[in-house]
Amino acid sequence: QVQLVESGGGLVQAGGSLRLSCAASGGAFSKFVMGWFRQAPGKEREFVAHIVWSSTITYLADSVKGRFAISRDSAKNTVYLQMNSLKPEDTAVYYCAAKIWGSSQYHYWGQGTQVTVSS
C-alpha cells in the first residue's frame with residue numbers, strides 16, 4: 001500500500017529556511033503526481049506545490065512562488081519541499097500527498113509535520 005512519511009519540520013525564525021522530506025513507498029510513482037499541502041490553525045487545508053514524478057514539471061501556489069521549491073529524488077523515492085524566506089503566515093502542519101496522474105483527488109496522505117515560523 002502507498003505510504004508517505006514527512007519529516008523536517010521545526011521552529012524557525014522569519015527569514016529562515018527549512019527543507020521538508022516525504023519518503024514514499026508502495027506505489028508506481030512514475031504515474032503519480034506528488035503534492036504538498038498545509039493547514040494552519042483555524043484555516044482550511046491549502047495547496048502549496050506539486051511535482052509530476054515522471055517529468056519533474058512543478059507547480060507552486062502564488063503565496064510561495066519565489067520562496068519555495070519542490071523536487072524529487074527518484075533513487076530515494078523522496079519528495080522535498082525547500083522553504084526559504086519563511087514568514088509567520090507559513091506556520092502550519094505540512095502534508096505530503098499523492099495521486100495518480102489524471103485523477104482529480106489526492107488519495108494518499110502522510111501524517112504531517114509541523115512548521116512554526118516566529119516573527
Side-chain angles (χ1 to χ4, degrees):
Q1 186 57 239
V2 172
Q3 186 175 53
L4 308 173
V5 180
E6 303 98 330
S7 62
L11 175 65
V12 64
Q13 294 184 8
S17 298
L18 284 173
R19 188 179 74 163
L20 306 183
S21 298
C22 174
S25 62
F29 294 104
S30 63
K31 297 182 179 180
F32 274 48
V33 177
M34 308 295 295
W36 285 98
F37 294 77
R38 66 187 182 186
Q39 187 165 25
K43 299 180 66 176
E44 295 185 349
R45 186 171 59 198
E46 68 171 332
F47 169 82
V48 175
H50 78 225
I51 182 166
V52 180
W53 188 270
S54 59
S55 68
T56 72
I57 292 172
T58 62
Y59 180 78
L60 300 172
D62 287 343
S63 60
V64 304
K65 284 182 179 176
R67 301 189 298 120
F68 290 12
I70 186 171
S71 62
R72 56 88 164 145
D73 184 335
S74 61
K76 297 181 178 180
N77 276 349
T78 300
V79 178
Y80 303 98
L81 184 67
Q82 179 66 48
M83 305 186 295
N84 300 320
S85 301
L86 283 161
K87 304 174 181 179
E89 52 262 45
D90 295 318
T91 295
V93 177
Y94 283 71
Y95 296 91
C96 181
K99 68 176 183 178
I100 297 173
W101 190 91
S103 297
S104 60
Q105 298 185 56
Y106 286 84
H107 297 295
Y108 306 104
W109 296 84
Q111 83 287 354
T113 186
Q114 177 71 48
V115 172
T116 302
V117 183
S118 62
S119 60

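The first residue of the sequence shown is numbered 1, and numbering continues consecutively from there. All values reported here derive from a predicted model rather than from experimental measurement.
- Using the six-membered ring where Trp is involved, Phe37 and Tyr106 have ring planes that are perpendicular, over 60° apart on the 30 and 60° scheme.
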Worksheet entry | Stepwise side-chain contact (heavy atoms from CB on, under 4.5 Å) test for Leu4 and Met34 | CA-CA 10 Å; Leu4 308 173; Met34 308 295 295; 3.8 Å; yes

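- Ring geometry for Phe32 versus Tyr108: interplanar angle under 30°, hence parallel rather than tilted (30 to 60°).
- Atom-to-atom distance recorded for Lys99:NZ and His107:NE2 is 9.0 Å, nearest 0.5 angstrom.
- Nearest heavy atoms, Gly9 versus Thr113: N-OG1, 3.2 Å.
- By the 4.5 Å heavy-atom criterion applied to side chains, Arg67 and Lys87 are counted as neighbours.
- Gln13 contributes no side-chain N or O that, together with a main-chain N or O of Ser118, makes up a donor-acceptor pair within less than 3.5 Å.
- Linking Ile, Leu, Val, Met, Phe, Trp and Tyr residues whenever their side-chain heavy atoms come within less than 4.5 Å leaves Val33 and Ile51 in two separate clusters.
- At least one side-chain heavy atom of Leu20 sits less than 4.5 Å from a side-chain heavy atom of Met83.
- Taken together through direct or relayed side-chain contacts under 4.5 Å among Ile, Leu, Val, Met, Phe, Trp and Tyr, Val93 and Leu18 form parts of separate hydrophobic clusters.
- You'll find the side chain of Trp36 reaches within 4.5 Å of the side chain of Val79, heavy atoms only.
- Side-chain heavy atoms closer than 4.5 Å link hydrophobic residues (I, L, V, M, F, W, Y) into clusters, and following such links, possibly through other members, connects Val115 to Phe68.
- Here the side chain of Glu6 pairs a donor or acceptor atom with the backbone of Cys96 at under 3.5 angstrom.
- Once rounded to the nearest 0.5 Å, the distance linking CD of Gln3 with CD of Gln111 reads 9.0 Å.
- Side-chain contact between Cys22 and Tyr80 is absent, with no heavy atoms from C-beta onward closer than 4.5 Å.
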Please table the atom pairs, donor to acceptor, closer than 3.5 Å between any side-chain atom in residues 53-66 and protein atoms at least two apart or in another chain.
| unit_1 | atom_1 | unit_2 | atom_2 | d |
| --- | --- | --- | --- | --- |
| Ser55 | OG | Ile57 | N | 3.2 |
| Asp62 | OD1 | Lys65 | NZ | 3.1 |

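- The CG atom of Leu86 sits 13.0 Å away from atom OG of Ser119, with the distance rounded to the nearest 0.5 Å.
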Practice prompt. Dump the intermediate steps for side-chain contact (heavy atoms from CB on, under 4.5 Å) on Arg72 and Phe29, then the final yes or no.
Written response: CA-CA 11 Å; Arg72 56 88 164 145; Phe29 294 104; over 6 Å; no

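- Separating the CD atom in Glu46 from the OH atom in Tyr95 is a distance of 13.0 Å, to the nearest 0.5 Å.
- Using modelled atom types, one side-chain atom of Thr91 and one backbone atom of Val117 make a donor-acceptor pair closer than 3.5 Å.
- Between the NZ atom of Lys31 and the CH2 atom of Trp101 there is a distance of 12.0 Å, given to the nearest 0.5 Å.
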